[in-house]
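What follows is one structure encoded as structure tokens, with my remarks underneath.
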2 protein chains.
Amino acid sequence: MSNAAAESRPYHHGDLSRALVDAARKILESEGPAALSLRAVAREAGVSPAAPYHHFKDKNELLEAVAHEGWEALDEALAKARVSTDDKRARMSNIGVAYVCFARDNPALYRVMYDRSRDKDALPEKAKEDGAYCQVRETINEIGGGHVSDIDLELATIAAWCAGHGLAEMIGFKHFAGLKAQLGGEEAFLRAVFEHLGMFAKVIDRA
Amino acid sequence: MSNAAAESRPYHHGDLSRALVDAARKILESEGPAALSLRAVAREAGVSPAAPYHHFKDKNELLEAVAHEGWEALDEALAKARVSTDDKRARMSNIGVAYVCFARDNPALYRVMYDRSRDKDALPEKAKEDGAYCQVRETINEIGGGHVSDIDLELATIAAWCAGHGLAEMIGFKHFAGLKAQLGGEEAFLRAVFEHLGMFAKVIDRA
DNA sequence: GGATCAATCTGGACGGCGTTTAGATATCAT
DNA sequence: ATGATATCTAAACGCCGTCCAGATTGATCC
């Protein structure tokens with residue numbers, strides 16, 4: 001039921017790196033990050049434990065490929081949220097909700113994404129123009145009508161990012177169940193937390 | 001140079017659970033979370049790999065004991081920050097700075113603390129009256145002069161906690177080095193980020 | 001004090017892990 | 001066709017978490 005390619009596969013796989021990343025994501029979704037061993041990935045792809053080493057330097061490099069695809073999916077989700085409304089402030093909070101919902105719906109993937117970032121001590125994909133980080137910054141810039149100083153813009157983006165990440169990591173905590181029910185659902189809860197952050201207040205006030 | 005108790009130790013250790021937690025924290029500080037294996041802890045304590053199982057159900061339970069001590073240390077750091085000034089708003093931002101600085105100064109410990117929380121899907125030590133979470137809530141309540149509704153108080157505390165945790169996880173990112181220098185140091189950077197969050201704005205405005 | 005019992009620790013084992021090496025097999029350029 | 005190169009396998013290494021049988025110790029009761 002598990003291993004995808006158990007039937008008579010040609011000796012050369014064809015596109016093993018692709019298959020390995022897919023297998024990793026599948027294991028991640030179905031069994032969580034703890035079960036994500038390189039050997040399990042190889043098993044899932046129907047290949048020997050040493051085969052992945054012809055496509056990735058080590059386990060870490062495979063996980064980085066997985067994380068990379070995760071960031072691309074997140075970029076896409078944020079881009080969609082960004083064009084969801086004309087109201088600039090609603091746009092911002094929609095992005096925040098979309099971010100946290102992505103983490104909620106892909107908890108294992110999100111964890112891998114951030115673990116890789118921590119090991120590199122760097123925000124991911126910062127340079128990419130359509131990357132999540134830049135999308136947040138650009139949205140804040142729009143709210144400020146383009147009159148926000150570079151340093152305020154950067155600080156506000158960092159602040160937003162920290163709040164979003166913090167909430168993303170805790171959204172599943174049982175502690176919040178009562179509050180979510182009281183507020184009429186998870187999204188209402190998210191928006192309430194964001195409101196209580198007075199998010200971006202300083203930047204917006206200047207605009 | 002490494003194993004603490006290599007000399008002729010009595011067959012019974014005396015207080016092995018204490019020694020194991022200490023050994024774990026030592027390894028955590030000196031070699032990071034990746035090196036924290038149960039066997040390494042036992043080695044450091046000068047004991048066989050199976051010995052810990054007479055004091056902890058498994059590795060997880062040992063890590064939980066380590067995390068517990070971490071939360072106690074954090075509680076203490078926040079309590080100290082809380083009495084650092086009479087200005088209520090300064091008190092709040094001092095707590096935020098203290099929180100992030102604790103994470104910066106004990107990165108491996110902080111990681112263990114939060115990993116355990118995630119696995120339990122719960123905020124840690126929530127019940128304890130002098131626990132970090134309650135201290136933050138109580139401080140926000142003081143700022144609001146005691147007139148903040150229960151639900152607003154809880155939401156503001158969650159918001160603060162998320163922001164603090166997010167920043168704590170990213171404070172080491174190289175990405176921020178330039179900004180820190182530009183702002184005149186790490187603490188100035190932290191305060192600037194907190195300001196840009198407009199932290200607790202909604203609650204404060206009502207007070 | 002001596003016998004008994006529970007607590008504690010050791011040595012050895014098991015399977016799983018990441019990784020390396022040597023050698024087998026397939027593809028590709030000439 | 002031949003040889004170089006890319007890809008895969010089988011087997012091994014050392015480390016890991018965990019369990020088990022047996023040795024050692026401390027406490028308890030006579």
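Numbered from 1 within each chain, the chains take letters A, B, ... in sequence-line order. What you are looking at is a predicted structure, and each value in this text was computed from that prediction instead of being measured.
Atom-to-atom, CZ of A:F56 to P of C:dT19 comes out at 13 Å; the value is rounded to the nearest Å. One interatomic measurement links the two molecules: CG of A:N60 to C1' of C:dC17, which rounds to 15 Å at whole-angstrom precision. Atom NE2 of B:H54 and atom C1' of D:dT24 are 12 Å apart (whole Å). Whole-Å rounding puts the B:L62 CG to D:dC16 C1' distance at 15 Å. To the nearest angstrom, P of C:dT19 lies 11 Å from CD of A:E61. Distance CG (B:L20) to P (D:dG17): 13 Å, rounded to an integer number of Å.
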What does nucleotides 10-15 of chain D look like as a protein-contact string, B for base, S for sugar-phosphate only, - for none, at under 4.0 angstrom between heavy atoms?
-> B-B---
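Taking only side-chain atoms of B:L16, from C-beta outward, the nucleotide of D:dT9, C:dC9, C:dG18 with the closest atom is C:dC9. Listed nucleotides D:dG17, D:dT9, C:dG18 differ in distance to B:K59; the shortest reach to its side chain belongs to D:dG17. Here the nucleotide nearest the side chain of B:L38, chosen from C:dT19, C:dC9, D:dG17, is D:dG17.
In terms of the salt bridge (Lys or Arg N to Asp or Glu O under 4.0 Å) criterion, B:D121 has no residue partners (sequence neighbours excluded). In this view, A:R39 satisfies the side chain to side chain donor-acceptor pair (under 3.5 Å) rule with no residue, not counting sequence neighbours. In this structure, the side chain to side chain donor-acceptor pair (under 3.5 Å) partners of B:Y110, at least two apart in sequence or on a different chain, are B:Y99, B:H165. When the salt bridge (Lys or Arg N to Asp or Glu O under 4.0 Å) test is applied to A:E142, the partners found at least two apart in sequence or on another chain are A:R82, A:R91.
Contact check on A:E76 versus A:K80 returns no salt bridge, with no Lys/Arg side-chain nitrogen under 4.0 Å from an Asp/Glu carboxylate oxygen.
When the side-chain nitrogen and oxygen atoms of B:H55 are compared with OP1 and OP2 of C:dC9, one or more of them lie within a distance under 4.0 Å.
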Sequence neighbours left out, cut at 3.5 Å: what donor-acceptor pairs do the side chains of residues 60-67 of chain B make with other protein atoms?
from  : atom 1 : to     : atom 2 : distance (Å)
B:N60 : OD1    : B:R116 : NH1    : 2.1
B:E61 : OE2    : B:K57  : N      : 3.2

